[in-house]
Amino acid sequence: MTISKAQWLAEQARVDEVTGKIARRIARLEERTGDVRSDVVEIRKHFWDEVTINFSHAEDLTETYFSMKQQADVLSERERSHRHASAELGKFRRLVKSPYFGRIDFKAEEDEVASSIYLGIASFLDEQSDEFLVYDWRAPISSLYYDYGPGPVGYETPSGRMAGEMALKRQFVIRDGRIELLFDSGVTIGDELLQQALSRSSDTQMRNIVATIQKEQNRIIRDERARLLVVQGAAGSGKTSAALQRVAYLLYKHRESLQADQLVLFSPNPLFNSYVQAVLPELGEENMEQTTFQDYLAHRLGNAFELEDPFDQMEYVLTQDAQDPLYASRLEAIRFKSSPAYLAMLDDYVDRLEQAGMRFRPLKFRGEAIVSARAMHERFYGMDRTIRLPVRIDLLRQWLLGQIKQFALDQEGKPWVEEEMELLSEADYQRAYQKLRKRRRSSNTPTFDDYDQERELLARVIVRERLKSARRRVQALRFIDLPSMYVQLFTALQQAGGASTSAYSLPPRWADICTMTRQRLAAGALAYEDAAPYLYLQERVQGFQTNTLIRHVFVDEAQDYSPFQLAFLKRLFPRARMTALGDLNQAIFAHASAYDAREPLRGLFAPEETEVIRLERSYRSTKPIVCFTRGMIPGGEEIEPFERDGSLPLVTLVDSEDSLRAQVIEQTRALQAEGNASIAIICKTAGHSEHVHRLIADALEAVLVGKETASFSEGIQVMPAYLAKGVEFDAVIVCDGSSEQYRLERERKLFYTACTRAMHELRIVCLGEPSPFIVDQEEDTYNIAYA
């Protein structure tokens, strides 16, 4: 609908009024925060001047305590007041530049006239009229803007459903207090607004999308019915953006009972954490906990093993000679150890450990056994077999601590103790002596003055100190020989001839898998496919270290997690709801074929607790790029491109590495000249990325991105395709897209992933014949050039 000049002026007048009131609120808050900050500084500076300190008598001690507490409470209240005022100030500073992005005129059934509701990233209440001049986009009534066009509408409130009529839906683009774009629209967020948002250059950090949330994305944001929300979306469909707005919505709606540190995001790599970290603060919320699954594994197992990460595993799959006889066995191992069948195998193994098979390490001291592994075994299996494994382990731990205590008494008269007493330095002797005095005072024992008694107690201190490490080993359950027990699983099954059970069938190359696993463990290393299963075995034996404080778990790029890993996460966070985001067409890791990719996360939660939302419309790339890339993957015809024009992808064929280098440099410079702020040169592997970076280093200022890279920067970046997942660039050059690099079926999704990172321009340089994933496309979906 066309907006008249009078309507435009009226809307601008309201913007001026609202921004003026926000500016006045900012001025008051700035003054207030300054005053409170001064108070805090002053209190800290003179804290002890205001405290009465006297330890002479019990009454004085009590007075001192309450004096200190009173001053600490005053300081704490002032600090809280400052934090709150600072947060408010930050919110209003964002709001004053663009106070709102939408308007709906809504008339409830019981009302006679419609009310104008303006939506922004935060609420703004006029203190004089007690009227909301701006409603938070997360408020219940705001859902009307995302879900409906003019006509009959309704929304859910805490007291029930509110029905009525929407007379108007209007959208704005406001920058620095001036309306730049204004139009009325129907049910979807207007294409004009999306066109403007999507035509901008990419950024080093993801933006919030509250002004352009689509109806299907709004379902993701506001869903609270499902224990498991699965979002299956095409590349560039806004999965991650919607998930982050979902976090902001949950924190807003449950602000009395939910804190940011009760939500955790498992992201694909540290680079992605940096990319998304600005979204929530932009919406006035604290960032939730962010980590990667590899970081968690390293935290739990990194001290015990040299851990392979998923990127090293990917490099092996992409670069290892496929003719190597062990290559097929490794791929088979990755798939099997990622599957529900392997989980069933481990559960069966743990059940058998209740009857036999536990392995223990002996407790030794100075070459002498405190408790032998055999004695532990007999003690463990001498307990009631109906007692659960973790409970029996705890009982064994307590028994071992008692054995250490008895052993310590036996050691006090040994010659080595006397020798150590003689060798004590003056400083060590004084420290030991002070410990004795302190211990005797705390036990109300009179101070000793007998030399023999002193020597006896000093011997006790020495023995106790030397046995500290043994006690720590017992407390940490390091008397359990878990590596040996994990190896035992493979040894026993291999000796059994690879027999299968009703619960699982062993893969054909099981003998090779057993050998590879044992060899790696013997070297103190753990393959990525073994890390989660090993940790699962450890938890089943020792007792799961669950986290009951986390209420929501978000898993991005969920297609890259194995069913085993997802089941582990569910068990790790038993009280949490899970939101899993993924694109099955970007399932690039070797284990992806280990389960039915058409039914992600099947069986993780009950069907009635699971909601699946599919996003088929791609917003990131121009229509020509989407039409080209969707032909690469099965079911790609279901992906709907957004109507945004652009150039056809350009495929350039070269016949030498020198020519490839020249083309990459020339095309990068041309893309820069066209105004593309971020350009990714995407290679297949880390090794190939390093090689290309060296080739162009003297001509282009490019950043080499590796798995340790912690943040994005603008400009030119060279990276392997698997590290580009989840992010976007103004322009992408795939180097190189030849059949030599991408011809195998398992490389199809990797190539698709690389190409779908481009927002505005996609170029592919091929050294030799182009990949079949290119030439299989319709000829009119790309241009071809020869260099």
What are the two closest heavy atoms between P624 and P649, and how far apart are they?
-> O-CD, 3.9 Å
Determine, for R520 against E529, whether the closest basic-nitrogen to carboxylate-oxygen distance falls under 4.0 angstrom.
-> no
Is it true that R748 and E745 make a salt bridge, defined as a side-chain N closer than 4.0 Å to a carboxylate O?
-> yes
Considering all heavy atoms, the nearest L297-L307 contact = O-CD1, 3.6 Å
Does the ring center of W510 lie less than 6.0 Å from the ring center of F336?
-> yes
Carefully, step by step, assess F266 and T291 under the rule side chain to side chain contact (heavy atoms under 4.5 Å, CB included).
-> CA-CA 5 Å; F266 282 90; T291 188; 3.6 Å; yes
By salt bridge (charged side-chain N to carboxylate O under 4.0 Å, His left out), which residues pair with K623, not counting sequence neighbours?
-> E643
Ring center gap for Y561 and F568 short of 6.0 angstrom = no
Distance-only criterion, 3.5 Å: show the donor-acceptor pairs between side-chain atoms of residues 778-787 and protein atoms not counting sequence neighbours.
| from | atom 1 | to | atom 2 | distance (Å) |
| --- | --- | --- | --- | --- |
| T781 | OG1 | E778 | O | 2.6 |

So, E638 and R614, do they make that salt bridge, N to O below 4.0 Å?
-> no
If you take all heavy atoms of K239 and A234, which pair is closest and at what distance?
-> NZ-O, 3.2 Å
Find the distance between CD1 (I639) and CZ (R617) and round it off to the nearest 0.5 Å.
-> 13.5 Å
Around atom CD of E616, are there more than 12 heavy atoms of other residues, nucleotides or ligands at under 6.0 Å?
-> yes
What pairs of residues pass the ring pair (Phe, Tyr, Trp, His ring centres under 6.0 Å) test when at least one of them lies in residues 307-326, not counting sequence neighbours?
-> F311-Y722, Y316-Y327
From CA spacing to verdict: side-chain hydrogen bond (donor to acceptor under 3.5 Å, both in side chains), Q672, E674 | CA-CA 5 Å; Q672 285 181 311; E674 293 168 8; over 6 Å; no
